[in-house]
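Note: hydrogens, waters and symmetry copies are ignored here, and every other heavy atom, side chains too, is used. Remember, predicted model here, so these are calculated numbers, not experimental data.
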Amino acid sequence: MKQARKKRRGTPITLVVLLVLLAVVSVELVRVYGQLDSRETEREDISQKLEEQKKENSSLESDLSKANDKEFIKGLAKDQLGLAEDGERIFYDVNH
């Protein structure tokens with residue numbers, strides 16, 4: 001009979017230990033899933049920025065391929081620097 005009582009005394013302690021372990025594991029799982037969601041959002045943002053950067057790089061490479069094209073250079077000078085050739089007039093639209 002004494003042996004049966006010892007087993008019963010060990011059972012509640014074992015149950016408490018298992019419940020504590022289960023609680024700790026549950027808390028850790030929730031924390032890890034929260035971090036996972038955060039990292040997934042971060043990865044999506046970085047992927048979007050990467051795509052934007054690839055488009056910009058492609059545009060710049062296209063511009064570089066036109067480095068020896070005089071008409072392209074003139075267009076850049078007019079558009080970006082506001083320069084004009086002799087005899088040309090520049091009009092600025094002040095309504096925008």
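- For the pair Ser62 and Ser65, the tightest heavy-atom approach, listed with the atom from each and the gap, is O-OG, 2.6 Å.
- Pairs passing the salt bridge (Lys or Arg N to Asp or Glu O under 4.0 Å) check and including a residue from residues 87-96, sequence neighbours excluded, read Lys78-Glu88.
- Atoms OG1 and CG, from Thr11 and Leu15 in turn, are 8.5 Å apart once rounded to the nearest 0.5 Å.
- Leu18 shares a hydrophobic cluster with no other residue; no ILVMFWY side chain has heavy atoms under 4.5 Å from its own.
- Through direct or relayed side-chain contacts under 4.5 Å between Ile, Leu, Val, Met, Phe, Trp and Tyr, Leu22 connects to no other residue.
- Checked against Val17 for a side chain to side chain contact (heavy atoms under 4.5 Å, CB included), the options Thr14, Val20, Leu21 give a single hit: Leu21.
- Partners of Glu28 according to the side-chain hydrogen bond (donor to acceptor under 3.5 Å, both in side chains) rule, which considers only residues two or more places apart in sequence or in another chain, are Arg31.
- With values rounded to the nearest 0.5 angstrom, Asp69 atom CG is found 9.5 Å from Leu76 atom CG.
- For the side chain to side chain contact (heavy atoms under 4.5 Å, CB included) test, residues two or more places apart in sequence or in another chain that qualify with Leu60 are Glu56.
- Atom CG in Asp45 sits 12.5 Å away from atom CG in Leu50 (nearest 0.5 Å).
- By the side chain to side chain contact (heavy atoms under 4.5 Å, CB included) test, Arg39 pairs with Glu42, sequence neighbours left out.
- Applying the salt bridge (Lys or Arg N to Asp or Glu O under 4.0 Å) test to Glu52 and every residue at least two apart in sequence or in another chain returns nothing.
- Taking every heavy atom of both residues into account, Ile90 and Gly82 meet most closely at CD1-O, 2.9 Å.
- Evaluation of the side chain to side chain contact (heavy atoms under 4.5 Å, CB included) rule for Lys49 yields no partner, not counting sequence neighbours.
- Residues satisfying the side chain to side chain contact (heavy atoms under 4.5 Å, CB included) criterion with Glu40, sequence neighbours excluded, are Arg43, Glu44.
- The hydrophobic cluster containing Tyr33 also includes Val25, Leu29, Leu36, under a criterion of side-chain heavy atoms closer than 4.5 Å among ILVMFWY residues, counted directly or through chains of members.
- Atom CG of Asn68 has 12 or fewer neighbouring heavy atoms from other residues, nucleotides or ligands inside a 6.0 Å radius.
- Residues forming a salt bridge (Lys or Arg N to Asp or Glu O under 4.0 Å) with Glu85 (at least two apart in sequence, or on another chain): Lys74.
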